[in-house]
Amino acid sequence: MSNLSISDMARAKPPTPYLDGLNDEQRKAVETMDGPVLVLAGAGTGKTRVLTTRLAHILATGRARPWEILCVTFTNKAAREMKERVGAIIGDAVEGVPWLGTFHSVSAQILRRHAELVGLKSSFTILDTDDQLRLLKQIIRAAEIDEKRWTPRHLAQTIDGWKNRGVLPSELDENDRWSFAEGKGQELYATYQARLRTLNCCDFGDLLLHTLTIFKTQADVLAEYHRKFRYVLVDEYQDTNVAQYLWLRLLAQGSNNICCVGDDDQSIYGWRGAEVDNILRFDKDFPGAEVVRLERNYRSTEHILAAASGLITSNKDRLGKTLWTEDEGGEKVEVRGLWDGEAEARFVAEEIENWVSKSHPYSDTAVLVRASWQMRAFEDRFIMLGLPYKVIGGPRFFERAEVRDAHAYMRLVRSHEDDLAFERIINTPKRGIGDTTVQKIAIAAREMNVCMSDAARTLSQTDEIRGKARTSIKVFLRDMDRWREQARDSRHDELAEIILDESGYTAMWREDKTPQAAGKLENLKELVRSMGEYETLEAYLEHVALVTDLDRAGDEDEVSLMTLHAAKGLEFPLVFLPGWEETVFPSQRSLDEKGTRALEEERRLAYVGITRARERAVLTFTANRMIYGRWHSVIPSRFIDELPADHVEARSDTGIYDSSGPGFENVHTPPSPSASSYSSPGWKRYQANSAAGKGSRPPTINAKANLIQSGNAGDTTGKWKTGDRVFHDKFGYGKVKRVDGSKLTVRFDKAGEKKVVESFLKDLP
DNA sequence: TGGGGGCACCTTTTT
DNA sequence: GGTGCCCCCA
């Protein structure tokens, strides 16, 4: 391993202006070459800058030509950003970095060149989740498995998990085999793969898995890529799964020049198969690896950084970094307790208006939630106030039904063998071709060993299918033939318009009087427009298969509302982090499923959240939370306790938590679920379930009105009787002394005070 | 075949 | 609380 020192390099090459302004650690990360390098880049330390500069540096110093560099990212956004930034440094030559892209797009490129090695044609289509589920459903039905108990979704997840680990059907171990439908998992997986091959299809996982198989089994192909790729760059290494890791390791064996950039503290996709372990054992996987730490944060003020750093030290599985900033002081992280979700939304909206009134733009602020259902309360409030906002990562354009229908038409025109497309649109719009007819066609197709279009053609000439269905099929097939004819000599976007029109698809939505219909028509217009941006139909379809959303103009002055996951890589001067309550954040469900590992991942999510803030981070929790129409009495997140007190300022508006003194240490944490007030049968059942690894929701506690009855988990009807233990927002815990219609007399523990709480029942919302 | 009503579901989701 | 899915009925 020869490691040139920085001065050696400076001597060897002329000064390089793009290196100006980098700090020492960043320079080291850019210039350390000739061996594996792991750049541990903390939040806000200039990760993307280092990666792009490194790529530019390799090109500028003539170490490799653009097509000799493999550079993989996870998102299209990151890939695009890199292209732009490298372009800005070294000029237009980037157009010629053909192997810069996402894991999946690079894999697709490779796979198209060698598809026949895994039994596919190079024109294979990339399936989306919807197609995948439909296919799996058919397979489960065919295997006569109870599809209620073993759902297609469940199978999709299981198979995805296997693919993420790079495991083929034949390679499953005993444990895996039994993880679905009493040992039938393996067979189903094999059937699914065989079906995909017949249909000449790939799902997302296959793009990587097939490429991996080729690398593993075809030494000459691998050698070709070893010769080709002299440098390998990887972004967000902490999010790689096992398949991606194996893929990278095989490719990097050639040059041994691999540079991975990542942050173990920001690994938040474990539930999708990402393995933090990959980054944790980098130096063992790649012997002689240099590890460069980027620890200077350019984003946040001292308090924000310290609060986040303090929190993340509770994690055991981490390499450890000490982030620092020159931006001393600033505002402490604010923690606020609110009565319920509505109060929380009111509070956040008010704070945003305050901020804006000090002549800041709305776009300075973001609300980051754990789960998307939390967004609604904020949307309601924002709409009521007329406060401009946008939801980031909402329903995806290319996943909308109407867009997918249109794609199916195009796919079927392109290839009449696309059975999935055929099934999707044969009766959309309604043509009187129902399930029975489709089933007949499917069975005939299987018997004759032809595609469904061909089977339908044959059947329509016999008496197998009669009446309306028969004429409809004939018309449909004739239309298809005509469109295929037209496809030869018309632009694909114009053809799309013709097809949507003539098939009656547009008309279907025009006649639809539901409020959504107008939006659907808009989307179809947008679809035709975006098709026009691609040279060919193939290029367009490849693009939509690998890209999940259209770019939206992001320059409007609006508050951003999104999940914590969607916030990775972004930053805002003012960040709100609502819903820091046990069961919500950390999410009870992920804890139930994966225990400690999940807890650490939730903590990393908290870390990601706080580190999005440049100037102010405001964290809120409530006492009562409405989840799926039920009230839950909730307690503050353990993550709040884990924040270093010196960097936090806590206030409470609820009266529940003792706010008599200043400072975080005076916030009274209510009893945890193990404490006496939560020792009801419901809680016990819940705890037993959790311990046994079974997911179950915490019991519902009646929290309507201003009075919470503690521990009546089973009974949520709001019946009160003498002796009930109660909890009041102002007076704390107490005992019911007398019940008189809607009037309660309660003695409160703390003050020993007797209060008459009137008419709370009739105030129920 | 297609529409209506009952019912189970309900996290995060770069590709 | 809202939605998508399945079954049953016309």
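Residue numbers begin at 1 in each chain, while the letters A, B, ... track the order of the sequences.
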**Verdict with reasoning, W247(A) to Y245(A), per ring pair (Phe, Tyr, Trp, His ring centres under 6.0 Å)** = CA-CA 5 Å; W247(A) 188 97; Y245(A) 156 73; over 10 Å; no
[X]: side chain to side chain contact (heavy atoms under 4.5 Å, CB included) partners, not counting sequence neighbours:
| X | answer |
| --- | --- |
| S503(A) | Y409(A), R431(A), W483(A), Y505(A) |
| K77(A) | T75(A), R80(A), L570(A) |
| A43(A) | Q266(A), R299(A), Y607(A), T611(A), R612(A) |
| L133(A) | P152(A), R153(A), A156(A) |

I'd like to check the ring pair (Phe, Tyr, Trp, His ring centres under 6.0 Å) partners of [X]; sequence neighbours left out, ordered by chain and number.
| X | answer |
| --- | --- |
| Y540(A) | H407(A), Y534(A) |
| F585(A) | W580(A), F639(A) |
| Y389(A) | F382(A) |
| W99(A) | F229(A) |

**Message:** Does dT1(B) have its OP1 or OP2 closer than 4.0 Å to a side-chain nitrogen or oxygen of T436(A)?
**Reply:**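 Checking dT1(B) against T436(A), a side-chain N or O does come within under 4.0 Å of OP1 or OP2.
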Distance in angstrom units between [X] [atom1] and [N] [atom2], rounded:
| X | N | atom1 | atom2 | value |
| --- | --- | --- | --- | --- |
| R400(A) | dT3(C) | CZ | C1' | 16 Å |
| Q439(A) | dT1(B) | CD | P | 11 Å |
| E379(A) | dG1(C) | CD | C1' | 15 Å |
| K568(A) | dT15(B) | NZ | C1' | 13 Å |

**Item:** Qualifying residues under side chain to side chain donor-acceptor pair (under 3.5 Å), relative to E423(A), sequence neighbours excluded
**Value:**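 Partners of E423(A) by the side chain to side chain donor-acceptor pair (under 3.5 Å) criterion, ordered by chain and then number, come out as Q138(A).
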Check: protein-nucleotides 6-8 of chain C nitrogen or oxygen pairs below 3.5 Å:
| from | atom 1 | to | atom 2 | distance (Å) |
| --- | --- | --- | --- | --- |
| dC6(C) | OP1 | K137(A) | NZ | 3.0 |

**Least distance between heavy atoms, W150(A) atom then I145(A) atom** =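 Closest approach of W150(A) to I145(A), heavy atoms only: CD1-CG2, 3.7 Å.
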So which protein nitrogen or oxygen atoms get under 3.5 Å of nucleotides 11-13 of chain B's nitrogens or oxygens?
| from | atom 1 | to | atom 2 | distance (Å) |
| --- | --- | --- | --- | --- |
| dT11(B) | O4 | E593(A) | OE1 | 3.2 |
| dT12(B) | OP1 | S372(A) | N | 2.8 |
| dT12(B) | OP1 | S372(A) | OG | 2.1 |
| dT12(B) | O4' | R370(A) | NH1 | 3.3 |
| dT12(B) | O2 | W271(A) | NE1 | 3.4 |
| dT12(B) | O2 | R370(A) | NH2 | 3.0 |
| dT13(B) | OP1 | T563(A) | OG1 | 2.5 |

**Item:** Position toward the 5' end of DNA chain B (nearest nucleotide), T437(A) or F204(A)
**Value:**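 Whichever sits nearer the 5' end wins; that is T437(A).
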Shorter than 3.5 Å, N or O on both sides, protein versus nucleotides 2-5 of chain B: list them out with atom names.
| from | atom 1 | to | atom 2 | distance (Å) |
| --- | --- | --- | --- | --- |
| dG2(B) | OP2 | N427(A) | ND2 | 3.2 |

